[in-house]
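One structure is given below, encoded as structure tokens.
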Amino acid sequence: QVQLVESGGGLVQAGGSLRLSCAASGRTGSTLAMGWFRQAPGKEREFVAVIRWRSGYTNYADSVTGRFTISRDNAKNTVYLQMLSLKPEDTAVYYCASSGTIVRLTSPDAYRDWGQGTQVTVSS
């Protein structure tokens, strides 16, 4: 099992930026990919971004492409989500998750372990 702890959420005005961090511990050797998802009140959890741990390959949801950047620090077992040009519709609880597979990584079902989430609120 992998333990994940997110940090970096907060309140920001539209157009602002935030950087989320997710520190992984435990059985990280089996992790092949790390993803970020978000869930707004009354909505389903949705894919935001993913990075393959070894190759660094990344993929993004259309809604965040060009504004968000996912990156990793293998030595620190940490993944980051840099968010720029934030919009009110980005408001949600953001979760990081670890996966032992490299397929269907836009689906929450591909992930085994989840963090507790961090709130991001963007005011208009």
How far does [atom1] of [X] sit from [atom2] of [Y], to the nearest 0.5 angstrom?
{"X": "Leu32", "Y": "Trp53", "atom1": "CG", "atom2": "CH2", "answer": "11.5 Å"}
{"X": "Ile70", "Y": "Cys96", "atom1": "CD1", "atom2": "SG", "answer": "9.0 Å"}
{"X": "Leu4", "Y": "Arg112", "atom1": "CG", "atom2": "CZ", "answer": "9.5 Å"}
{"X": "Arg27", "Y": "Ser98", "atom1": "CZ", "atom2": "OG", "answer": "11.5 Å"}
{"X": "Trp36", "Y": "Leu81", "atom1": "CH2", "atom2": "CG", "answer": "6.0 Å"}

Walk me through it: do Asp90 and Arg67 pass the test salt bridge (charged side-chain N to carboxylate O under 4.0 Å, His left out)? CA-CA 11 Å; Asp90 294 318; Arg67 299 188 298 122; 2.8 Å; yes

Under 4.5 Å between side-chain heavy atoms, hopping through other hydrophobics if needed: is there a path connecting Leu86 to Phe47? no

Look at the side-chain heavy atoms of Ile, Leu, Val, Met, Phe, Trp and Tyr, link any pair under 4.5 Å apart, and say whether Met34 and Ile102 land in one connected group.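 No, Met34 and Ile102 fall in different hydrophobic clusters.
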
Identify the heavy atoms of [X] and [Y] that sit nearest to each other, and give their distance.
{"X": "Ser21", "Y": "Thr78", "value": "CB-CG2, 4.4 Å"}
{"X": "Ser99", "Y": "Leu105", "value": "OG-CD2, 3.6 Å"}
{"X": "Gly8", "Y": "Leu18", "value": "O-CD2, 3.8 Å"}
{"X": "Val64", "Y": "Val48", "value": "CG2-O, 3.5 Å"}
{"X": "Gly117", "Y": "Val93", "value": "CA-CG1, 3.8 Å"}
{"X": "Ala14", "Y": "Ser124", "value": "CB-CA, 4.4 Å"}

For the backbone of Gln116 and the side chain of Glu6, can you confirm whether one donor and one acceptor N or O come within less than 3.5 Å of each other? yes

Using the six-membered ring wherever Trp is involved, compare the ring planes of Trp114 and Tyr95 and label them parallel, tilted or perpendicular (cut-offs 30° and 60°). perpendicular

Does the pair Gln1 and Asp113 meet the rule for a side-chain contact (heavy atoms from CB on, under 4.5 Å), with working shown? CA-CA 7 Å; Gln1 187 176 7; Asp113 303 292; 3.3 Å; yes

For the pair Gln82 and Leu20, evaluate side-chain contact (heavy atoms from CB on, under 4.5 Å) and give the outcome as yes or no after the intermediate values. CA-CA 6 Å; Gln82 180 69 55; Leu20 306 183; over 6 Å; no

Ignoring hydrogens and geometry beyond distance, is a side-chain donor-acceptor pair present between Thr121 and Gln119 at under 3.5 Å?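 Yes.
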
Is it true that Thr91 and Arg38 share a donor-acceptor pair across their side chains at a distance under 3.5 Å?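 Distance-only check fails for Arg38 and Thr91.
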
Taking the side chain as everything from C-beta on, heavy atoms only, tell me whether [X] gets closer than 4.5 Å to [Y].
{"X": "Val50", "Y": "Thr106", "value": "no"}
{"X": "Gln13", "Y": "Ser123", "value": "yes"}
{"X": "Tyr94", "Y": "Met83", "value": "yes"}

A cation-pi test, strictly: NZ or CZ of Arg72 under 6.0 Å from the centre of the six-membered ring of Tyr80 and no more than 45 degrees from its axis. Yes or no?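 Because its charged atom misses either the 6.0 Å distance or the 45° angle limit, Arg72 does not stack over Tyr80.
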
Flag the pair Phe37 / Tyr111 as yes when their ring centroid distance falls below 6.0 Å, and as no otherwise.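 Phe37 vs Tyr111: aromatic centres under 6.0 Å.
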
side-chain contact (heavy atoms from CB on, under 4.5 Å) evaluation trace for Ser63 with Lys87: CA-CA 10 Å; Ser63 60; Lys87 305 174 181 180; over 6 Å; no

Apply side-chain contact (heavy atoms from CB on, under 4.5 Å) to the pair Leu84 and Phe68, showing each step before the final yes or no. CA-CA 6 Å; Leu84 304 176; Phe68 291 11; over 6 Å; no

